[in-house]
Number of protein chains: 2
Amino acid sequence: MKVTIYDVAKEANVSIATVSNVINKKGRIGEKTRKRVFEAMEELNYEPNVIASALMGKQTKTIGLLIPDLANPFFSELARSIEDRSHELGYNIVICSTDYQEDKEDKYIGLLKQKRVDGFIFASGFEKLSRVEELMKEDIPIAIVARDYPNFSVNAVVIDDYMGGYIAAEHLIEKGHKKISVVAVDIYSNRERIRGFNDALSKHHLQIAQEIDFIGEIEKNHMDVGRKVAERYLQCEDRATAMFACNDLLAIGAIQAAKQAGLKVPKDLSVVGFDNTNIASIVDPPLTTVSQPIQLMGREVMDLIISVFKGEREDNVRVTLTPTLVERESTSEL
Amino acid sequence: MKVTIYDVAKEANVSIATVSNVINKKGRIGEKTRKRVFEAMEELNYEPNVIASALMGKQTKTIGLLIPDLANPFFSELARSIEDRSHELGYNIVICSTDYQEDKEDKYIGLLKQKRVDGFIFASGFEKLSRVEELMKEDIPIAIVARDYPNFSVNAVVIDDYMGGYIAAEHLIEKGHKKISVVAVDIYSNRERIRGFNDALSKHHLQIAQEIDFIGEIEKNHMDVGRKVAERYLQCEDRATAMFACNDLLAIGAIQAAKQAGLKVPKDLSVVGFDNTNIASIVDPPLTTVSQPIQLMGREVMDLIISVFKGEREDNVRVTLTPTLVERESTSEL
DNA sequence: TTGAAAGCGCTACCAA
DNA sequence: TTGGTAGCGCTTTCAA
C-alpha cells in the first residue's frame, strides 16, 4: 500500500500535524524532530499525495494549455518553451489541441476545470472570448499568449502583429516589389498582420495585388491552404512578384505551388513568411520570415501566470514583444 | 463558492449518497429522484470535483507522457496522436520532455506519481529500465511506444527498427550504391536500425563505408549532429555515395552538409532518412525515408494502456508495427 | 430505493 | 514546539 503521512508519523514518533509542518516548512519545529521526520520519510520512501492537499484548497501545480494544434511546429515549439519554464517552477502542463474548434475548447476547459488546474494558458485562436470572461469571473487565473484581444483586459504576452506585417511589407518594397499578394487564414492575428502590411503598402502608394483570399474553413493543414491559395494567385495574369504569407507553413505551401508552376523562388517569386519556426531554416530556399521570439514568449507567459497565482500582479498585464525580420533566401530584388 | 455535492443534495432534497449514485449510475435509483437530481445539478451548474473522487481511489483520468523533446517533429506528431485518442477516451495527458536526461526522467516521474496519474506512456529514449521496473512493481500501468526493450516484458507499441534499417539498406543497394555511411546518435533504436542495415549490407557482401560515428553527447539538436557527422564523412577521400540517417532530422542535417560542400542531392549523394515526419516532404529535395505509422502508434499505445486500466489485458502485450519505405527524391541511382 | 456515516490523505486551527 | 481534530468533496458499505 501507499505510505501516508500517518505511517511517517508513526515511524518518527510524532503526530501527523508535525509531519505536515515539516513538509511544508511551517511553524517552528525542533531540529531533532525535523531530522527524525525526514529520516522516516526517507526510510519509508514517502511521497506526498498532491491530490489530498489539492483537496484542501492548495494548488494542483498543474496548468492547462490550450493550443490549436500540437503538431504545428510553431505551437509545439511554444509548448516546449512553456513546458520548460513550468518545470523550472514546479508545475506541469496539460496540453489540449483545439483545432480552432470552439466545441473542443469548451470541452477541454470543462475537463480541466474539473481537474482543478491552477490556471489556463490560451494560445488558441478562437474568436470568442466569452469563455475567457467566464473563467475570469470565476477567478481562475488565465493568461493568453500569441493571441491578442485588443480592448480587453487580460494577462497577455503577444507580439505586435501589426508591426510584423508592416516590416514584412517594407522588406518587400525595399526589394522593389510592387505587386504583392497575401496568403492568410481568417484568424485574428492574420488580420492584424495584414492590416500592418496594408498600411506599409499605402504609405508607398501601393496596394495588395490580388484580393485577399481568406479560406473560410480553417483547415487543419496550413501548408495545403498555402499551396491552394498561391496556386490561384499564380494563375492570374499579371501575377504578383512577391507574396506575404501569414505564417511559415502557409509560406512553404506557397513556395511549393510556385515550384510546381515552374517558378524559381526567389528569382521569379519572393516569399516572406511569419513565425520563424525551426522549419523556416530547413526548407529550400530557407525562408525569409518575420520572427516571433518563441522561447521568450513561452517563458514570459509562464512567469506572468505564476505572478498572478502569487498575487504579485493585481491588474491585467500585457507584455508586447517585438517581431524582427530574419532575412534568408526566399526573397530577392525584383 | 464552488457548488458541491451537498448543495445539489439539498436542492434536490435527497442525500449526497443518492447524488453520488446518480452521477456514477450506480445502485438503483427511482426515475423521479434521478430527474430531480439532474435538474438540481443543472440548476446549480454543478461540476464534480475530480480531485475529491481521485482521493477516494478513483482514477484521475490523467496520463503522463514522457518524451525526449516536444519540439522535435516526430515527437510532437506522436504526442498529438496520443492526445487525440486520449481525449476521445476522456483522458488528459501531461507531457514532459526529458531531453534524454535521466535526472529529468526521474524528476518528472516523481512529480507525476505524486499527482497520481493513472499511468505512464514512455516514448523516451532512456537506456535504463530500472525506473520502469520500479513503476511496474508499484502496479502503476505503463506502456512504451517507439522504443523497444527486447527481452523485457512490458506493454509496448513499437515498430520493427531492425526491419526499418534493413529496407533502407535494400533500397540503397538496389540503386547501385556500394559505399554507404551511417549517421546516427547513440540510442537504442538507432543501434537496432543500424543492425538491420548492416545485415542487409552483409547479405550483399557489403559493409558500412566509414566507421559509425556515434555522437557521445546526444545533443539536443539532431540537425546539427547530422550536419557535423556528415561533414566529417564528406571530407574523407573515397567518400560514400549514400548515407543512411537514423532519423529525418539527422538526414536533413546531412543534406545541408552536402549542399554546403557543393554536392547535389541526390545526384552526388543519396540520403535516406527515418520516421517520415511532416518535414520529410517539405525539405528540398523531399526525403526518401523509412516511415513510421505515427498516427497509428499513438492510437495503439493509448488503447493499450486503457485496456490495462480496465484489466482487459493481463499480460504484457507487444504490438509491433511495420515500417515502410517512402521513396521521394533524396535518393537516386548511382 | 434511499440515507447515515466512515473514511481517502492532507492542511489548518487551536490547545497543550 | 508539538498534537488533536475538524474538515476538503467525494465514494462506499451497510442499514433502514
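Naming: A, B, ... by sequence-line order, numbering from 1 per chain.
A cation-pi arrangement is present between A/Arg147 and A/Tyr149 under the rule of less than 6.0 angstrom and at most 45 degrees off the ring axis.
Distance, B/Ile23 CD1 to D/dT11 P: 6 Å, rounded to whole Å. Following rounding to the nearest Å, A/Lys61 (NZ) and C/dT11 (P) show an atom-to-atom distance of 13 Å. The distance between atom NZ of A/Lys115 and atom P of D/dC8, rounded to the nearest whole Å, is 24 Å. In this structure, NZ of A/Lys58 is placed 16 Å from C1' of D/dG7, rounded to the nearest angstrom. If you measure from atom CD1 of B/Ile51 to atom C1' of C/dC8, you get 13 Å, rounded to the nearest angstrom. Regarding A/Asn13, its CG atom lies at a distance of 13 Å from the C1' atom of D/dT2, rounded to whole Å. B/Lys32 places its NZ atom 8 Å from the P atom of C/dT2, with the value rounded to the nearest Å. Rounded to an integer number of Å, the gap from CD of B/Glu31 to P of C/dT2 is 10 Å.
Between B/Thr18 and B/Arg116, the one whose closest nucleotide on DNA chain C sits nearer the 5' end is B/Thr18. Looking at which nucleotide of DNA chain D each of B/Lys26 and B/Leu55 is closest to, the 5′-most match is held by B/Leu55.
Nearest nucleotide to the B/Ile16 side chain, out of C/dG3, D/dT5, C/dA5: C/dA5. Distances were taken from every side-chain heavy atom of A/Asn24 (C-beta onward) to each of C/dT11, D/dG3, D/dT2; the shortest belongs to C/dT11. Among the nucleotides C/dC10, D/dG3, D/dT11, the one closest to the side chain of A/Ala17 is D/dG3. When distances are taken from the side chain of A/Met56 to each of C/dC10, C/dG3, D/dC10, the shortest belongs to C/dC10. Side-chain proximity of A/Ile5 to D/dT11, D/dC10, C/dC10: nearest is C/dC10. The side chain of B/Asn21 lies closest to D/dT12 when the candidates are C/dC10, D/dT12, D/dT2.
Neither side chain, B/Tyr46 nor B/Glu11, offers a donor N or O lying under 3.5 Å from an acceptor on the other. No donor-acceptor contact under 3.5 angstrom links the side chains of B/Asn49 and A/Gln114, judged on distance only.
Counting distance only, with no hydrogens placed and no angle test, the side-chain atoms of B/Tyr6 and the base atoms of D/dC8 include no donor-acceptor pair under 3.5 Å.
When the shell of 6.0 Å around CD of B/Glu138 is examined, it contains more than 12 heavy atoms from other residues, nucleotides or ligands.
The pair A/Lys61-A/Asp118 fails the salt-bridge criterion, with no side-chain N (NZ, NE, NH1 or NH2) lying under 4.0 Å from an Asp/Glu carboxylate O. Using a 4.0 Å cut-off between a side-chain N of Lys or Arg and a carboxylate O of Asp or Glu, B/Lys2 and B/Glu47 do not qualify as a salt bridge.
Regarding contacts with the backbone of C/dC10, every side-chain N or O of A/Ser20 stays at 4.0 angstrom or more from both OP1 and OP2. Between A/Thr33 and the phosphate of D/dT2, there is a side-chain N or O to OP1/OP2 separation shorter than 4.0 Å. The phosphate of D/dG3 has OP1 or OP2 within less than 4.0 Å of a side-chain N or O from A/Ser15.
Within 4.0 Å (heavy atoms only), B/Gly57 reaches no atom of the nucleic acid at all. When heavy atoms are screened at a 4.0 angstrom cut-off, A/Thr4 is found touching the sugar-phosphate backbone but no base atom.
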